[in-house]
Structures are given as C-alpha cells and as structure tokens.
Amino acid sequence: MDGASIIEQLMTTEGRFDPYPLYARAHELGAAAPAGPGAVLVVGHAAANQVLRDPAFALEDTRSLAADHAELLAHPSVELFGRSILQRNAPDHGRVRSLIASAFNARRVASLRPAIEATVERLLDELAERGADGSSVDFMDAFAFRLPVEVICELLGVPAADRHRFRGLASDLTIALELIQDLGELAAADLAAEELSSYFAELTAERLARPTGDLVSDLARIAADSPDRISGEELLSNLALLLVAGFETTTNLIGNGLALLFHHPAAAEGLRTGALDPSLFTDEVLRYDSPVQVTSRISTAPGLTVAGLPAPTGTVLFTMLGAANHDPARYPRPDRFDPTRTDSQPLSFGGGPHFCLGSRLARLEADIAAPALLDRFPRLAPGGVPTRRDRLVLRGYETLPVTVR
C-alpha cells in the first residue's frame with residue numbers, strides 16, 4: 001500500500017473503526033510518504049512534531065479556501081471554524097487566542113479542582129441511582145459527556161438549563177472537521193453551526209446587558225468596546241468552538257479510558273488503590289487511543305522537507321496524530337497499552353502555536369474521574385456491546401453500557 005491508498009482505506013467504515021493496522025502499514029513506508037499529487041502522509045512522531053511546530057506549515061484557513069475551495073465557504077459550519085482560532089493563522093490566531101488563554105492558564109485550571117471533584121461525586125451519585133437495580137447504564141451519556149460539558153459551561157457562563165442541548169449539536173458540528181468526500185455530509189453540521197451561533201448571539205447580548213463575570217461576559221465586553229481585538233463574528237465562532245472543543249475531546253478521552261480499563265484490570269486495580277499515577281494513565285490513553293487522530297497543514301514556503309521528503313509550497317500534509325503516537329521509533333512496543341510509561345509525549349493535543357488551550361483542563365478532569373469512578377464502583381463492568389462513533393478525526397464511543405452493581 002502507498003500513502004494515497006492508506007488514506008483511502010482510513011476513510012472507509014472499517015478504517016475508521018480500527019485505524020491502527022493501517023497506521024502500522026504506513027510506518028513501513030517511513031516517517032512520511034507521498035500520498036498522491038500535492039499530498040504527504042505524515043506518521044512519524046518526530047516528523048509530525050516538526051509539522052505541528054513549524055509555522056511554515058500553516059492551517060488551511062479562509063484565505064486559502066477562498067482561493068482553492070471557495071465552495072466550502074458557502075457552508076456555515078466551515079465558516080464558523082474558519083473564523084475560530086482552530087483554523088486561523090498568524091496574526092489573527094495570536095490576536096484572538098491571547099484573549100482566551102488566561103481562562104486556561106495553569107493557576108486558573110488548578111483552582112477548578114474542587115468544583116470538578118464535586119461534579120464528579122454528584123454524577124457518580126446519579127450513576128449509582130440509575131444502575132441500582134442492576135440494569136445497564138450508558139456511561140457516555142450519564143458521565144463521560146456530562147462531566148466536561150458542565151465544567152466548560154461553568155467556565156464560559158452557559159446556564160445549567162441549556163446544557164442538555166449541546167451533545168447532539170457538537171456531534172453534528174464536528175462533522176465539518178472530518179475528512180469528508182461529499183459536501184452533502186455538511187448539512188447537519190451547517191444546521192448546528194447556525195443554531196450555536198444564534199444561541200451565543202442571544203447569550204452575549206444578555207451578558208452585555210447584565211454581566212456575570214464569566215468568560216462570555218468578558219469577551220462580549222471586549223468585542224463591544226474593541227472590535228479590532230475580536231469582532232462580533234469571531235466572538236460567536238470562538239465561543240462555539242470553546243464549548244464544543246471543551247467537552248467533545250474530553251468526553252472521548254474519558255470513554256476511551258474506561259473501555260481500556262475493562263481490558264486491563266491490573267490498571268484498574270492500580271488506579272483504585274493509588275498504586276498507579278492517574279496522570280500516567282491519562283497520558284497512555286491519549287497515546288494509545290487518541291481522541292484526536294488527524295490534523296492537516298499546508299506548506300507555505302519553498303524548500304520545506306518532512307523526514308527528508310520534499311514538501312513544495314502548497315503541499316497538503318495529512319498529519320496522523322494517532323499514527324505518530326504509535327511510532328515504533330519513538331515508543332517500544334507501541335501497540336501495547338502500558339500506563340506505567342514515564343516518557344510518553346503524545347501529540348493528541350497538537351503542538352506549536354495551535355497546542356490545545358484546554359489540554360490542562362482535559363487532563364485534570366480525566367485524572368480526577370477515573371480513580372473516583374473505580375473507587376465508588378469496584379465491581380464496575382461492561383453492561384453490553386459498546387458502539388463506536390463512525391469518525392476518523394475525532395475518535396470515541398457513541399455508547400458504552402456499564403453495570404455499577
């Protein structure tokens with residue numbers, strides 16, 4: 001198989017369900033391999049890290065889309081992400097990111113620990129009640145979604161009464177981040193983008209009239225007073241991004257972690273007794289079954305190379321984070337789940353200027369959730385056959401039935 005055929009196979013249902021055998025085939029081609037005209041498949045850890053950190057490998061932003069794929073900008077979902085820091089290059093990226101970053105600094109995130117612990121305990125109480133009769137409970141719906149959505153909504157200032165709406169909207173909106181083959185697939189994403197934009201337009205107007213000291217209030221005031229720092233459209237797009245990104249990947253991280261614990265009872269016992277450092281477990285989940293599998297960049301300068309492979313200006317680099325996390329040149333026995341690894345540097349949160357703002361928060365939630373779950377329910381067990389979401393870029397479970405006994 002060459003790079004192009006590996007990408008083609010990854011976009012099938014079978015490839016999305018289990019991409020790791022295809023990643024292993026890709027590693028046989030080298031750290032980077034041609035993937036058709038004007039495209040490169042990047043699977044090596046060092047090579048992917050280079051692409052993520054070098055600003056000469058840029059995101060495909062609205063400017064490049066307008067030049068090469070203008071039809072995509074007719075879709076509200078593509079426009080929404082294009083106005084957000086997720087798909088902005090310098091200088092716009094840094095201008096807006098700097099306004100948001102303080103909400104996710106190390107001190108602010110650490111201060112959230114008591115609130116996260118209290119939310120975990122409340123959700124575990126509800127999980128115990130729902131499963132008290134021995135019936136199966138969907139862990140994704142009852143816990144893995146609700147914990148991060150409540151945390152990010154508290155941080156933003158989204159009312160509790162609205163939070164139940166967002167799982168379906170996020171699932172639909174993030175279709176726009178997948179490698180799609182038919183623009184018709186964006187219909188649900190476009191509707192979600194319009195609904196989220198409308199929701200945040202109403203919420204920011206309300207917070208301007210009656211500020212409450214939350215992030216929405218702060219950003220709404222900045223947009224009103226200094227539109228050169230963040231425009232109204234940028235505000236709505238980035239609030240939608242923060243909401244969706246704030247729980248979508250963390251939901252998958254928590255769900256993927258529990259599924260792995262069911263297959264590795266020694267790790268579960270270690271977390272329950274305190275013998276296993278929760279942060280090492282989280283790192284290994286991120287490495288072994290990353291919630292984010294793929295990102296892409298475009299080369300913007302002449303003379304660029306990746307792992308010795310030329311990447312002329314305009315080359316698209318499919319950067320496979322899931323494959324890089326399984327690079328045998330970086331990790332001994334990469335296909336073995338080993339939560340005692342101490343040298344793990346998963347690329348699941350990206351790298352360089354676009355390193356995920358919420359990475360500390362996601363790690364903290366996962367570090368708290370797993371031991372608390374196992375301590376409360378020492379006989380936690382699978383309660384049925386789980387179902388995976390049919391996605392490649394964002395990897396996680398749709399349902400994960402459990403019994404709490």
Say you draw a straight line from [atom1] of [X] to [atom2] of [Y]; how long is it, rounded to the nearest 0.5 Å?
X: Glu154; Y: Leu215; atom1: CD; atom2: CG; answer: 13.0 Å
X: Leu41; Y: Met1; atom1: CG; atom2: CE; answer: 10.5 Å
X: Leu243; Y: Arg165; atom1: CG; atom2: CZ; answer: 10.5 Å
X: Asp338; Y: Leu280; atom1: CG; atom2: CG; answer: 9.5 Å
X: Asn252; Y: Ser348; atom1: CG; atom2: OG; answer: 11.5 Å
X: Thr295; Y: Leu59; atom1: OG1; atom2: CG; answer: 6.5 Å

Around [X], counting heavy atoms of other residues, nucleotides and ligands shown, do more than 12 lie under 6.0 Å from its [atom1]?
X: Gln9; atom1: CD; value: yes
X: Glu269; atom1: CD; value: yes
X: Phe17; atom1: CZ; value: no

Output side-chain donor-acceptor pairs under 3.5 Å for residues 173-182, partner residues at least two apart or in another chain, one line each.
{"residue": "Thr174", "atom": "OG1", "partner": "Ala170", "partner atom": "O", "Å": "2.9"}
{"residue": "Thr174", "atom": "OG1", "partner": "Ser171", "partner atom": "O", "Å": "3.2"}
{"residue": "Thr174", "atom": "OG1", "partner": "Arg391", "partner atom": "NH1", "Å": "3.1"}
{"residue": "Glu178", "atom": "OE1", "partner": "Leu392", "partner atom": "N", "Å": "2.9"}
{"residue": "Glu178", "atom": "OE1", "partner": "Val393", "partner atom": "N", "Å": "3.0"}
{"residue": "Glu178", "atom": "OE2", "partner": "Val393", "partner atom": "N", "Å": "3.3"}
{"residue": "Glu178", "atom": "OE2", "partner": "Leu394", "partner atom": "N", "Å": "3.2"}
{"residue": "Asp182", "atom": "OD1", "partner": "Gly184", "partner atom": "N", "Å": "2.9"}

With no hydrogens and no angle check, is any side-chain donor or acceptor of [X] less than 3.5 Å from a backbone partner on [Y]?
X: His164; Y: Ala161; answer: yes
X: Thr251; Y: Phe247; answer: yes
X: Ser197; Y: Glu194; answer: no

Problem - CA sep, side-chain torsions, deciding dist, call: Ser279, Asp277, side-chain hydrogen bond (donor to acceptor under 3.5 Å, both in side chains) - result: CA-CA 5 Å; Ser279 65; Asp277 184 341; 2.8 Å; yes
Does the side chain of [Y] come within less than 4.5 Å of [X]'s, by heavy atoms?
X: Phe281; Y: Leu271; value: yes
X: Pro291; Y: Arg395; value: no
X: Ile6; Y: Leu29; value: yes
X: Arg336; Y: Tyr288; value: no
X: Pro211; Y: Leu208; value: no
X: Ser102; Y: Arg108; value: no

[X] and [Y]: which non-hydrogen atoms are nearest, and at how many Å?
X: Pro19; Y: Leu10; answer: CB-CD2, 3.5 Å
X: Leu22; Y: Gly15; answer: CD1-CA, 4.0 Å
X: Arg341; Y: Tyr331; answer: NH1-CB, 4.0 Å
X: Ala56; Y: Thr300; answer: O-OG1, 2.6 Å
X: Ser344; Y: Glu284; answer: OG-OE1, 4.4 Å
X: Leu321; Y: Val292; answer: CB-O, 3.8 Å

Answer yes or no: is there an ion pair linking [X] with [Y], defined by an N-O contact shorter than 4.0 Å?
X: Asp343; Y: Arg330; answer: yes
X: Asp214; Y: Arg207; answer: yes
X: Asp172; Y: Arg167; answer: no
X: Asp390; Y: Arg16; answer: yes

Validation: residues 74-86 side-chain donor-acceptor distances under 3.5 Å, sequence neighbours left out:
{"residue": "His75", "atom": "ND1", "partner": "Asp190", "partner atom": "OD2", "Å": "2.7"}
{"residue": "Ser77", "atom": "OG", "partner": "Asp190", "partner atom": "OD1", "Å": "2.7"}
{"residue": "Arg83", "atom": "NE", "partner": "Ser237", "partner atom": "OG", "Å": "3.0"}
{"residue": "Arg83", "atom": "NH2", "partner": "Ser237", "partner atom": "OG", "Å": "3.4"}
{"residue": "Ser84", "atom": "OG", "partner": "Phe81", "partner atom": "O", "Å": "2.7"}
{"residue": "Ser84", "atom": "OG", "partner": "Leu86", "partner atom": "N", "Å": "3.2"}

Among all residues two or more places apart in sequence or in another chain, which pass the ring pair (Phe, Tyr, Trp, His ring centres under 6.0 Å) test with [X]?
X: Phe57; value: none
X: His354; value: His93
X: Phe349; value: none
X: Tyr23; value: Tyr20

Donor-acceptor pairs are to be reported for all side-chain atoms of residues 136-151 against protein atoms at under 3.5 Å, with residues two or more places apart or in another chain.
{"residue": "Ser136", "atom": "OG", "partner": "Gly383", "partner atom": "O", "Å": "3.2"}
{"residue": "Asp138", "atom": "OD1", "partner": "Met140", "partner atom": "N", "Å": "3.2"}
{"residue": "Asp138", "atom": "OD1", "partner": "Leu400", "partner atom": "N", "Å": "2.9"}
{"residue": "Arg146", "atom": "NH1", "partner": "Glu126", "partner atom": "OE1", "Å": "2.6"}
{"residue": "Arg146", "atom": "NH2", "partner": "Glu126", "partner atom": "OE1", "Å": "3.0"}
{"residue": "Glu150", "atom": "OE1", "partner": "Arg122", "partner atom": "NH2", "Å": "2.4"}

Practice task
Check whether the side chains of Arg297 and Ser299 place a donor and an acceptor atom closer than 3.5 Å, and report yes or no.
Solution key: no
Exercise for the section: Taking atom types as modelled, find out whether Asn325 and His45 have a side-chain donor-acceptor pair closer than 3.5 angstrom. Expected result: no
Handout entry: CA sep, side-chain torsions, deciding dist, call: Asp289, Arg388, salt bridge (charged side-chain N to carboxylate O under 4.0 Å, His left out)
Key = CA-CA 12 Å; Asp289 200 17; Arg388 275 211 178 264; 2.8 Å; yes
Going by the rule side chain to side chain contact (heavy atoms under 4.5 Å, CB included), which residues pair with [X] if we only count those two or more places apart in sequence or in a different chain?
X: Leu309; result: Ala32, Pro34, Val40
X: Glu121; result: Leu124, Ala372, Arg376
X: Ala47; result: Ala31, Val42, Val306, Ala307
X: Glu117; result: Arg113, Ile368

Problem - Face-on cation placement of Arg389 at Tyr397 ring, 6.0 Å and 45° thresholds - result: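 No; the conditions do not both hold, so Arg389 does not lie above the ring face of Tyr397.
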Exercise for the section: Decide if the gap between the ring center of Phe337 and the ring center of His263 is smaller than 6.0 angstrom. Expected result: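 No, the ring of Phe337 stays outside the 6.0 Å limit from the ring of His263, centre to centre.
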Kindly list each side-chain donor-acceptor pair under 3.5 angstrom involving residues 357-365, sequence neighbours excluded, with atom names and distances?
{"residue": "Ser359", "atom": "OG", "partner": "Cys356", "partner atom": "O", "Å": "3.3"}
{"residue": "Arg360", "atom": "NH1", "partner": "Phe104", "partner atom": "O", "Å": "3.3"}
{"residue": "Arg363", "atom": "NH1", "partner": "Asp283", "partner atom": "OD1", "Å": "2.2"}
{"residue": "Arg363", "atom": "NH2", "partner": "Asp283", "partner atom": "OD1", "Å": "3.4"}

